[in-house]
Asker: 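Quick one: the structure is below, and I'll ask about it shortly.
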Amino acid sequence: MAGYDHTAIETKWRDTWERERTFATPTDRSKPKYYVLDMFPYPSGDGLHVGHPKGYVATDVVARARRMMGFNVLRVMGWDSFGLPAERQAVKEGIHPRAVTVRNVARFKSQLSNLGLSYDWDYELATSDVKYYRWTQWIFLKLFERGLAYQAEVPVNWCPALGTVLANEEVKDGKYVETGDPVEKRMMKQWMLRITAYAERLVDDLEAVDWPEGIKQMQRDWIGRSEGAEVRFEVDGHDASFEVFTTRPDTLFGCTYAVLAPEHALVDAITTDAQRGAVAAYREQVSKVAERDRLAQAADAPKTGVFTGAYAICPVNGQKVPIWIADYVLAGYGTGAVFACPAHDERDHAFARTFDLPIVEVVSGGDVQAAAYTGDGPHVNSGFMDGLDIDGAKKRVIAWLEEHGRGRGTVQYRLRDWLFSRQRYWGEPFPLVHTPDGRVVPVREEDLPVRLPELDDYRPTEDGQPPLARAQDWVHTTLPDGTPATRETNTMPQWAGSCWYYLRFVSPHDEGAAWEADAEHYWMPVDLYVGGAEHAVLHLLYARFWHKVLYDLGLVSTKEPFQRLFNQGMVHAMSFNDSADGRGRFYYPYQVEQRDGDWVAKDDGRPVHTKVMKMSKSRYNVTNPDDVCTRHGADALRLYELFMGPLEDGAMWEDAGVAGTRRFLDKVVRLMELPRDESFVDKAADRALHGAIKKVTEAVESLRFNTAISDMMIATNELTRAGTVRTDQLEALVRILAPFAPHLAEELWEGLGHRGGISFVAWPEVDEAKLAVDTVTIAVQVNGKLRGNIHVAPDADKDSVLAAARAESSVAKYLDGVTIRREVVVPGRLVNFVVG
RNA sequence: GCGAGAAUGGCGGAACUGGUAGACGCGCCGGACUUAGGAUCCGGUGGGGUGACCCGUGGGGGUUCGAGUCCCCCUUCUCGCACCA
């Protein structure tokens with residue numbers, strides 16, 4: 001491998017940075033601050049592949065450039081180190097989860113260290129460190145005191161393989177999203193956090209943050225705010241009633257039946273003897289269908305249900321309508337009951353058709369017997385709403401309902417409260433104890449932390465209690481007044497630690513507080529938060545929720561934690577599989593080869609299918625950054641990570657691409673050996689250089705690094721072509737290159753005669769005069785087709801441009817003998833003659 | 001099914017508010033240096049004719065002097081949500 005000795009240079013400068021504590025977090029508060037944060041990783045046993053550091057490299061470029069631009073930068077890294085995989089690995093190996101975690105963290109840290117990321121490692125933290133989780137417990141106490149934590153007997157997602165419950169969000173298609181283990185429904189007493197109390201603000205405050213619109217929309221959808229009305233229906237012949245929630249109270253006159261969720265509390269009371277058998281059978285049948293299947297139905301799917309024999313009174317017109325139960329009404333949303341207007345709701349329409357229930361039109365504009373009409377139109381058959389459109393009718397009917405005490409306008413959210421307990425070992429213990437008389441008492445702040453007890457068996461107990469129940473000495477405790485009590489044995493979910501780590505980072509060594517108020521005030525909010533889009537909903541929503549609670553308590557100074565969010569795209573790589581659907585055996589790249597254009601396995605020649613897939617160890621398509629660093633160097637790797645394409649897009653990793661960015665760095669090194677002449681002027685070279693300065697400067701804000709790197713390549717090519725260089729040109733180039741390729745930039749900077757490192761050297765200024773051009777090339781079109789080019793002064797007036805265009809021989813022949821109907825002149829761009 | 005985004009050479013991708021499509025890089029081809037090279041350097045590289053011409057940004061319409069860019073319809077892909085009343 002020719003070129004510079006990257007190993008020597010990179011080792012030298014990493015050692016220098018470490019020795020001189022170059023990236024220690026600034027403590028003076030005189031400069032503007034910039035808090036740039038990576039979503040901290042879960043330190044998995046697989047180590048890093050080249051896809052992981054893409055975001056870290058991007059933030060490092062921002063951090064390094066901001067330092068040179070005069071900002072105090074907070075640049076830190078830590079570990080989201082509680083969690084299930086370590087616990088499972090511990091069981092497998094017969095060692096402590098802490099040992100697994102320590103090992104994995106060491107591996108991650110060593111891999112990251114090779115990349116020259118400018119973290120202040122003194123600020124490193126880990127959520128499983130008791131010095132950290134004591135404050136997670138402290139925040140939980142704040143939530144508890146505010147009444148935001150409560151216990152409830154709830155249907156939970158029980159995962160038998162893991163022996164724990166999962167939050168709704170962690171379950172998809174009846175499986176745990178992380179491992180694919182099956183999940184079933186079970187009733188259990190669990191700790192919940194009242195995130196729904198913040199639903200409205202979690203939606204509204206999205207307006208104030210600079211996040212990708214798509215992510216904001218996903219959060220809005222997840223919270224699922226919908227405006228409508230709650231309406232009371234009396235049950236005919238019973239002293240009973242039920243509430244329904246509807247977004248279309250304007251269609252109340254079209255109500256021809258009502259539906260309760262099969263689990264609805266009223267069902268037993270109102271079912272007639274004649275229907276009791278059928279109702280019981282239906283409920284039995286529904287209970288066997290997992291919720292996943294129940295929810296996975298489309299709106300127009302065939303409906304099932306059973307008549308209860310009872311009737312409800314429609315409050316607007318006194319009409320008697322049959323009450324059914326059906327599984328398309330969900331117990332967990334709204335009130336678990338709906339009124340049905342088959343004329344204007346697809347689901348109700350499908351149900352009415354199945355059971356031959358009447359369909360009454362109340363909004364004109366469609367053929368409601370054929371299909372539900374959900375569009376707008378004048379209301380009919382609707383008494384006091386006749387003639388109004390949907391909007392007007394809604395307002396009128398809500399006023400009517402409120403006036404008559406039969407309902408009111410309300411807002412419903414899809415968001416449910418957060419299931420916050422897990423039956424695991426490797427998580428934060430709840431700072432709570434239970435008294436013999438059934439009270440729950442929070443542990444006093446001064447008695448924190450509640451340390452995780454040492455165990456040698458991390459499985460649930462035989463009688464189904466969480467692993468912490470095995471630590472009987474720990475479980476049995478006393479209140480400060482001596483009353484015996486038992487500790488809560490659930491632990492918090494992995495999300496807990498990541499809900500506030502960005503706050504701990506402002507003062508991670510503080511023993512007396514979760515964070516120092518001054519430091520919080522100075523550093524918050526996070527100016528730029530970069531991570532994968534997979535956290536678009538869960539982590540970001542939970543963290544925002546906690547942050548708002550802390551804001552209400554006056555403990556943080558900003559309403560939102562993350563001012564700007566950016567999602568880096570995933571890194572993909574070619575995978576080889578002997579089955580076209582990717583379910584067969586995977587092959588490593590070295591195990592396959594191309595024969596006559598087709599990919600085959602080297603050993604037995606069987607055909608393999610290629611597919612670009614997300615990089616992962618299980619697909620045999622990972623590239624280890626350590627190997628790339630060894631071969632091409634960390635600087636070339638960093639450049640390639642960003643050069644692959646726009647940061648937010650997915651891109652395919654190709655090892656050959658790194659060779660390209662490495663060649664670029666070699667070219668930069670050779671620039672240093674060109675003849676030096678401080679009075680030498682090459683306008684094209686200066687223009688390219690200042691174009692690159694401008695583009696890189698903008699990229700620090702826009703994060704469009706791929707084109708910025710391209711412009712640095714162009715500048716380097718131009719300087720090479722010029723053949724002679726000035727020192728100031730080299731200095732400028734090295735400085736804008738420094739955030740991307742810091743090791744080499746340090747070496748070159750030193751080589752240019754500077755001492756003290758490049759990390760805090762002032763960022764170069766763009767000289768607009770150097771961007772100016774002497775002549776511009778103007779395209780000349782005839783009827784929109786390019787016929788020639790002319791070169792004119794940038795400020796040439798319209799007439800002279802037209803004259804030059806007409807005179808151009810390649811153009812003139814198209815103008816000969818035709819009438820010019822129109823002349824379009826775009827200054828500095830083109831001329832178009834319209835002839836005919 | 002609904003919502004959001006995307007589709008440009010062999011590949012990753014450039015193209016500011018509509019204004020010379022294909023920057024930069026990979027790969028490939030040719031050359032140089034070499035005992036040799038998967039090393040390095042230089043040159044070429046959208047397709048077709050191969051003269052100074054035609055065709056080209058998923059497909060079809062439209063607006064415009066001019067469309068990768070704007071509008072309508074369609075196809076495909078990615079992501080998210082999925083009976084939420």
Side-chain angles (χ1 to χ4, degrees), chain A residues 1-3 172 212-218 220-222 224-226 228 244-249 251 259 261 294-301 303 326-330 332-341 345-348 350-351 412-416 533-534 536-537 567 569-570 572 612 639-640 643-646 648-661 663-664 666-667 670 704 706-714 716-717 777-789 809-810 813 821-836:
Chain A
M1 176 72 60
K172 189 174 179 173
E213 198 44 51
I215 302 296
K216 286 191 187 185
Q217 196 52 47
M218 280 167 68
R220 286 190 201 104
D221 290 346
W222 190 264
R225 180 192 152 95
S226 62
V244 302
F245 173 74
T246 175
T247 55
R248 291 295 302 277
T251 62
V259 190
R294 193 167 149 185
L295 284 175
Q297 298 293 314
D300 56 358
K303 299 285 183 283
D327 66 354
Y328 81 92
V329 174
L330 309 173
Y333 182 76
T335 59
V338 302
F339 84 81
C341 176
D345 182 282
E346 257 188 79
R347 297 153 299 182
D348 296 343
F351 190 83
Q412 275 291 331
Y413 296 94
R414 195 185 78 109
L415 182 69
R416 319 264 181 100
E534 64 272 22
V537 175
N567 297 115
M570 218 149 352
H572 306 275
V612 177
L639 274 165
Y640 181 63
F643 186 62
M644 287 197 289
E648 64 270 33
D649 291 351
M652 188 166 98
W653 183 269
E654 288 188 276
D655 289 330
V658 191
T661 51
R663 271 195 284 274
F664 160 60
D666 284 327
K667 281 189 199 176
R670 283 198 296 274
R704 291 158 57 128
N706 54 329
T707 50
I709 293 167
S710 164
D711 279 12
M712 287 194 286
M713 290 172 168
I714 293 170
T716 302
N717 291 342
T777 304
I778 292 197
V780 183
Q781 299 179 336
V782 177
N783 282 351
K785 287 197 188 301
L786 182 69
R787 295 304 179 189
N789 286 299
S809 62
S810 59
K813 62 183 176 184
R821 298 185 183 280
R822 190 168 164 185
E823 296 163 335
V824 180
V825 179
V826 182
R829 283 289 185 179
L830 64 62
V831 171
N832 188 11
F833 293 108
V834 184
V835 303

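The sequence lines fix the lettering, A, B, ..., with proteins before strands; numbering per chain opens at 1.
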Asker: For A:Glu823, which residues count as a salt bridge (charged side-chain N to carboxylate O under 4.0 Å, His left out) partner, sequence neighbours excluded?
Answerer: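 Testing A:Glu823 for salt bridge (charged side-chain N to carboxylate O under 4.0 Å, His left out), a comparison that skips the adjacent residues, returns A:Arg806.
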Asker: Dot-bracket for RNA chain B, please. Rules: Watson-Crick or G-U, both distances under 3.5 Å, ( ) within the strand, [ ] when a pair crosses earlier ones, | for another strand, . otherwise.
Answerer: (((((((..(((......[....)))((((((.......))))))(((....)))..(((((..]....))))))))))))....
Asker: Would you find a donor on one side and an acceptor on the other, under 3.5 Å apart, between the side chain of A:Thr247 and the backbone of A:Gly228?
Answerer: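 No; zero donor-acceptor contacts below 3.5 Å.
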Asker: At under 4.0 Å between heavy atoms, what does A:Gly660 touch on the DNA or RNA strands: base, sugar-phosphate, or nothing?
Answerer: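 Contact class for A:Gly660: sugar-phosphate only.
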Asker: Which listed nucleotide (B:C84, B:G19, B:G27) is nearest to the side chain of A:Arg663?
Answerer: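 Selected nucleotide: B:G27.
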Asker: What interatomic distance, in whole Å, is found between P of B:U69 and the corresponding atom of B:G56?
Answerer: 14 Å
Asker: With P as the reference atom in both, quote the distance from B:C77 to B:A67 in angstrom, rounded to an integer.
Answerer: 30 Å
Asker: When the P atoms of B:G19 and B:G60 are considered, how many whole Å apart are they?
Answerer: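 Comparing P positions in B:G19 and B:G60 gives a spacing of 23 Å.
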Asker: When the C1' atoms of B:G10 and B:G5 are compared, how many Å lie between them, rounded to an integer?
Answerer: 26 Å
Asker: If you compare every side-chain N and O of A:Asn567 against the phosphate oxygens of B:C79 (OP1, OP2), does one of them come in below 4.0 Å?
Answerer: no
Asker: Tell me, do A:Asp348 and A:Phe339 make a side-chain contact under 4.5 Å, heavy atoms counted?
Answerer: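 Side chain of A:Asp348 against side chain of A:Phe339, heavy atoms only: no contact under 4.5 Å found.
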Asker: Could you label the plane-to-plane angle of the A:Phe351 and A:Tyr328 rings as parallel, tilted or perpendicular, counting under 30° as parallel and over 60° as perpendicular?
Answerer: tilted
Asker: Measure the CG-OH distance between A:Asn706 and A:Tyr640 for me, rounded to the nearest 0.5 Å.
Answerer: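 Taking CG in A:Asn706 and OH in A:Tyr640, the distance rounds to 12.0 Å.
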Asker: Could you encode protein contacts along nucleotides 7-17 of chain B as a string, one character per nucleotide from 5' to 3', using B for base contact, S for sugar-phosphate-only contact and - for no contact, with a heavy-atom cut-off of under 4.0 Å?
Answerer: ----SBSSSB-
Asker: Identify all pairs in which a protein N or O lies below 3.5 Å from an N or O of nucleotides 46-52 of chain B, and state each distance.
Answerer:
none

Asker: When rounded to the nearest Å, what value does the distance between P atoms of B:C42 and B:C26 take?
Answerer: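 It works out to 11 Å between them.
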Asker: Without decimals, in angstroms, what is the distance between A:Leu786 CG and B:G22 C1'?
Answerer: 15 Å
Asker: If we only count heavy atoms from C-beta on, is the A:Phe643 to A:Met713 side-chain gap below 4.5 Å?
Answerer: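 Touching, per the 4.5 Å side-chain cut-off.
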Asker: Check whether A:Arg787 reaches the backbone of A:Ser810 with its side chain - one donor and one acceptor, N or O, closer than 3.5 Å.
Answerer: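 No, the answer is negative, given that no donor and acceptor are paired below the 3.5 Å cut-off.
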Asker: How long is the gap from CG on A:Asp221 to CG on A:Leu415, to the nearest 0.5 Å?
Answerer: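 Here the interatomic distance stands at 12.5 Å.
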Asker: Between A:Lys303 and A:Arg347, is there a side-chain heavy-atom distance shorter than 4.5 Å?
Answerer: yes
Asker: Using atom P of each nucleotide, how far apart are B:G25 and B:C41 to the nearest Å?
Answerer: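 Between the two P atoms, the distance is 12 Å.
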Asker: Just N and O in the side chain of A:Arg414: are any of them under 4.0 Å from OP1 or OP2 of B:A82?
Answerer: yes
Asker: Between B:G25, B:C81, B:G80, spot the one nearest the side chain of A:Met713, thanks.
Answerer: B:G25
Asker: Anything under 3.5 Å between a donor and an acceptor, one on a side chain of residues 649-659 of chain A, the other on a protein residue two or more places apart or in another chain? List them.
Answerer:
unit_1, atom_1, unit_2, atom_2, d
A:Trp653, NE1, A:Asp655, OD1, 2.7

Asker: With a 4.5 Å limit on heavy-atom distance, are the side chains of A:Asn783 and A:Val834 in contact?
Answerer: yes
Asker: Shorter than 3.5 Å, N or O on both sides, protein versus nucleotides 65-68 of chain B: list them out with atom names.
Answerer:
unit_1, atom_1, unit_2, atom_2, d
B:C65, OP1, A:Arg822, NH1, 2.9
B:C65, O2', A:Asn832, ND2, 3.3
B:C65, O2, A:Asn832, ND2, 2.6

Asker: Expressed as a whole number of Å, how far does the C1' atom of B:C73 sit from that of B:U78?
Answerer: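 Per the computed distance, 22 Å lies between those C1' atoms.
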Asker: State the syn/anti category of B:G31 according to its glycosidic angle, syn meaning within 90° of 0.
Answerer: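 Anti, which is what one calls it when the glycosidic angle falls more than 90° from 0.
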Asker: Can you tell me if A:Lys785 touches the phosphate of B:C55, counting only side-chain N or O atoms and a distance under 4.0 Å to OP1 or OP2?
Answerer: yes
Asker: Below 4.0 angstrom from OP1 or OP2 of B:C54, is there any side-chain N or O of A:Arg787?
Answerer: yes
Asker: Does the side chain of A:Arg220 get closer than 4.0 angstrom to OP1 or OP2 of B:G3 through an N or O atom?
Answerer: no
Asker: Using the closest heavy atom to pick a nucleotide of RNA chain B for each, name whichever of A:Asn717 or A:Asp221 lands nearer the 5' end.
Answerer: A:Asp221
Asker: If you only use heavy atoms from C-beta on, which nucleotide in B:C24, B:U20, B:C84 is closest to the side chain of A:Thr777?
Answerer: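 Of all the options, the side chain of A:Thr777 is nearest to B:U20.
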Asker: At their closest point, which heavy atom of A:Ser226 faces which heavy atom of A:Tyr333, and how far apart are they?
Answerer: OG-OH, 3.1 Å
Asker: For the side chain of A:Arg416, counting heavy atoms from C-beta on, which of B:G25, B:A23, B:C84 is nearest?
Answerer: B:C84
Asker: Let me know, please, whether A:Asp348 or A:Ile709 comes out on the 5' side of the other along RNA chain B by nearest nucleotide.
Answerer: A:Ile709
Asker: Please name the pair of heavy atoms, one in A:Ala536 and one in A:Met218, separated by the smallest distance, quoted to 0.1 Å.
Answerer: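 Scanning both residues completely, I find the closest heavy atoms to be CB-CE, 3.5 Å.
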Asker: Taking B:G9 as the reference, what is the distance to B:A15 when you measure between their C1' atoms (whole Å, please)?
Answerer: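 Straight-line distance between the two C1' atoms is 15 Å.
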